[in-house]
Amino acid sequence: MLLLKNGSVLGFGDNFDILISDGKITKIQRNISFLGCKTFDCRDKIITPGLIDLHTHIRSFKENERETIESGIEAAISGGFTTICIMPNTDPPIDNPKILGKIKEKQSKIQVFPIGAIAKEMGQLRLSDIKGMKDSGIFAISDDGAELEDKSLLKDAMDIASELDLLVILHCEIPSEPKAIEKNISLCLDTKSRLHIAHISTKDGISLVKQAKKESQCITCEATPHHFTLSDVAFNVKPPIRTKEDKEAVIEGLCSGTIDIIVTDHAPHPMAFDKPGISGIEICLSLVLTELVNKGYLSLIDAIGKLAKNPSKIIGLQRETKEGCEAYLTIIDLKNEWVVKKEDFKSKGKNTPFEGWKLKGRPISVITPYFDLLF
Ligand code: DOR
């Protein structure tokens, strides 16, 4: 049993207590007294539904210099996430039920949802065992990390996804983001599948999604902190950092609701590898608070919505701070001012363009049904 005392519970108000027992939220009230139970003082802290990252890369299932599930989970916890969805471009790729079984066997302090690869070995030639992976519990398939170029193979995959009610998460960069988005939207409408566009980053791409959403409720998209904070800087990441106009369009898309969720696209690499990506899961929430909430673009409730409620709807999870719900919670100190130092990252990836940034607002703890007060 755990009692959180005097927190500002998002959606309730200040000075609320939350009682958790058997991994569930059993009471949310002011002044709960419960003798003999572990308590945690949340005065001046915000308690939100546990954050969900729909786009996390880990690298390897064996211990080495690259990010493992274990190190990725520690990084996710330190970033305030209680749920991560792992992209399939791991080594070996997540392209068959057997590897899903191995991931499931790993004990985890947080919720981990693997995403299946569309193509076998993340290649270009054959589809993976999508049906087998669905039977093993995946909710989505993706080509992230190795965009599929063969349109008819992609259509076959989307037909299967539609039949099995799987989400299709697509990286849209070849031959340009708007062209790829246009092609993928038309495939989505043809196959009646659910399309989620990964890390949208261009003004024209966002306009296309805005239009398409008027015709179909089966299209969603995401943006990363680096695409709403940076412009015209050289950092090796895909999609690249774009222009100021694109960055402003991403912010506008988040505010208008065209962009449904914020994801980290946590892509850790050892520095020596010089591969594209940003190790972003530990600073995502602080970038959202500093750059979107504190600057007045998004309310706190809408910002957290993009990191918890909206992704939960896309995955089909319940993620609320409500009596009877599973206890997935994030505790945030909005006043905490800190400076990004990559050497402090729990992640094995120290690749970041945000070194030295001063941020305000930081997760201080997360709770899941399996573990409480994880840091
Ligand atoms: O920058 C990126 N890195 N973009 C991707 O789509 C893949 C990712 C990775 O796996 O490193």
Side-chain angles (χ1 to χ4, degrees), residues 53-61 64-69 71-72 75-76 79 84-95 99 103 112-119 121-124 140-149 154 167-177 180-181 184 195-202 205 221-231 233-242 246-247 250 259 261-284 287 342 345 347-354:
D53 186 21
L54 199 74
H55 194 145
T56 312
H57 292 274
I58 62 128
R59 303 299 174 196
S60 167
F61 300 102
N64 54 38
E65 78 273 45
R66 291 177 298 162
E67 195 88 303
T68 53
I69 294 205
S71 63
I84 54 172
C85 305
I86 299 178
M87 279 295 167
N89 62 334
T90 44
D91 175 18
I94 305 173
D95 66 356
I99 190 152
I103 298 171
V112 176
F113 293 122
I115 293 168
I118 292 181
E121 289 162 359
M122 296 296 302
Q124 296 287 338
I141 52 173
S142 178
D143 65 353
D144 197 281
E147 194 168 336
L148 201 56
E149 293 180 46
L154 183 56
L167 181 71
V168 184
I169 305 176
L170 294 181
H171 192 122
C172 302
E173 256 195 282
I174 301 171
S176 73
E177 184 175 278
I181 288 179
N184 292 334
L195 169 66
H196 180 76
I197 294 164
H199 36 50
I200 199 160
S201 59
T202 60
C221 70
E222 63 183 34
T224 70
H226 41 280
H227 291 116
F228 65 71
T229 54
L230 303 176
S231 58
V233 295
F235 195 88
N236 189 10
V237 65
K238 279 161 96 184
I241 304 301
R242 312 256 185 201
D246 290 316
K247 178 186 99 168
V250 173
I259 302 175
I261 66 171
I262 295 169
V263 298
T264 69
D265 193 8
H266 178 64
H269 293 290
M271 287 314 259
F273 280 35
D274 194 29
K275 292 230 172 115
I278 291 175
S279 180
I281 206 159
E282 288 167 81
I283 52 174
C284 173
L287 285 168
K342 61 187 174 197
F345 285 177
S347 167
K348 292 187 184 176
K350 315 288 179 199
N351 42 324
T352 178
F354 296 104

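Read the numbers this way: they start at 1 and go in the same order the structure lists the ligands and their atoms. These numbers come from the heavy atoms of this one structure, side chains and all, not from hydrogens, waters or symmetry mates.
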Q: After noting the C-alpha distance and the side-chain angles of T68 and S60, does the key distance pass the side chain to side chain donor-acceptor pair (under 3.5 Å) rule?
A: CA-CA 5 Å; T68 53; S60 167; over 6 Å; no

Q: What protein heavy atom sits nearest atom 3 (N) of ligand 1, and how far away is it?
A: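 Nearest neighbour among protein heavy atoms for atom 3 (N) of ligand 1, to 0.1 Å: P276 O, 3.0 Å.
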
Q: Between V237 and ligand 1, is there a nitrogen or oxygen pair with a distance under 3.5 Å?
A: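 N/O-N/O distance below 3.5 Å does not exist for this pair.
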
Q: Under 4.0 Å, heavy atoms only, figure out whether ligand 1 is touched by the backbone of H171, its side chain, both or neither.
A: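 The part of H171 near ligand 1 is the side chain, not the backbone.
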
Q: Mark yes or no for whether D143, through its side chain, and H171, through its backbone, hold a donor-acceptor pair below 3.5 Å.
A: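 Between the backbone of H171 and the side chain of D143 there is a qualifying donor-acceptor contact (under 3.5 Å).
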
Q: Considering only non-hydrogen protein atoms, determine which one is nearest to atom 10 (O) of ligand 1 and report residue, atom name and distance to 0.1 Å.
A: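 Of every protein heavy atom, N89 ND2, 2.8 Å lies nearest to atom 10 (O) of ligand 1.
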
Q: If you measure only the distance, is there a donor-acceptor pair under 3.5 Å linking the side chains of E222 and H196?
A: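 E222 vs H196: donor-acceptor pair found between side chains.
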
Q: Note the single closest protein heavy atom to atom 4 (N) of ligand 1, along with its residue, its atom name and the distance in Å.
A: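 Its nearest protein heavy-atom neighbour is K238 O, 2.8 Å.
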
Q: Using a heavy-atom cut-off of under 4.0 Å, does the side chain or the backbone of R59 touch ligand 1, or both, or neither?
A: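 Near ligand 1, R59 shows its side chain, while the N, CA, C and O stay back.
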
Q: Between H266 and E282, is any side-chain donor less than 3.5 angstrom from a side-chain acceptor?
A: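 The criterion, which ignores hydrogens and geometry beyond distance, is not satisfied for E282 and H266.
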
Q: Kindly say whether the aromatic ring centers of H199 and H55 come within a distance under 6.0 Å.
A: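 So the answer is yes for these two rings.
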
Q: If we set the cut-off at 4.0 Å for heavy atoms, which region of D144 has an atom near ligand 1: side chain, backbone, both, or neither?
A: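 The side chain, only.
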
Q: Are H269 and D274 close enough, and set up right, to give a side chain to side chain donor-acceptor pair (under 3.5 Å), and what steps lead you there?
A: CA-CA 8 Å; H269 293 290; D274 194 29; over 6 Å; no

Q: At a non-hydrogen distance cut-off of under 4.0 Å, which region of H269 contacts ligand 1 (side chain, backbone, both, or neither)?
A: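 The part of H269 near ligand 1 is the side chain, not the backbone.
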
Q: Please state whether H57 comes within less than 4.0 angstrom of ligand 1, counting heavy atoms only.
A: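 The answer is yes: ligand 1 sits under 4.0 Å from a heavy atom of H57.
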
Q: Only heavy atoms of A267, strictly under 4.0 Å: list the atoms of ligand 1 that pass.
A: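 With A267 as reference, the close atoms of ligand 1 come out as 3 (N), 8 (C), 9 (C), 11 (O).
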
Q: Under 3.5 Å, is there a donor-acceptor pair between the D265 and T224 side chains?
A: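 There is no such pair (donor and acceptor under 3.5 Å, judged by atom type) between the side chains of D265 and T224.
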
Q: Before accepting this row, confirm whether a basic side-chain N of the pair D91/R66 lies closer than 4.0 Å to the acidic partner's carboxylate O.
A: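 Yes.
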
Q: Using heavy atoms and a threshold below 4.0 Å, how should the contact between N236 and ligand 1 be classified: side chain, backbone, both, or neither?
A: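 None of N236 does.
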
Q: What atoms of ligand 1 come closer than 4.0 angstrom to any heavy atom of H199?
A: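 Under 4.0 Å from H199, ligand 1 has these atoms: 6 (O).
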
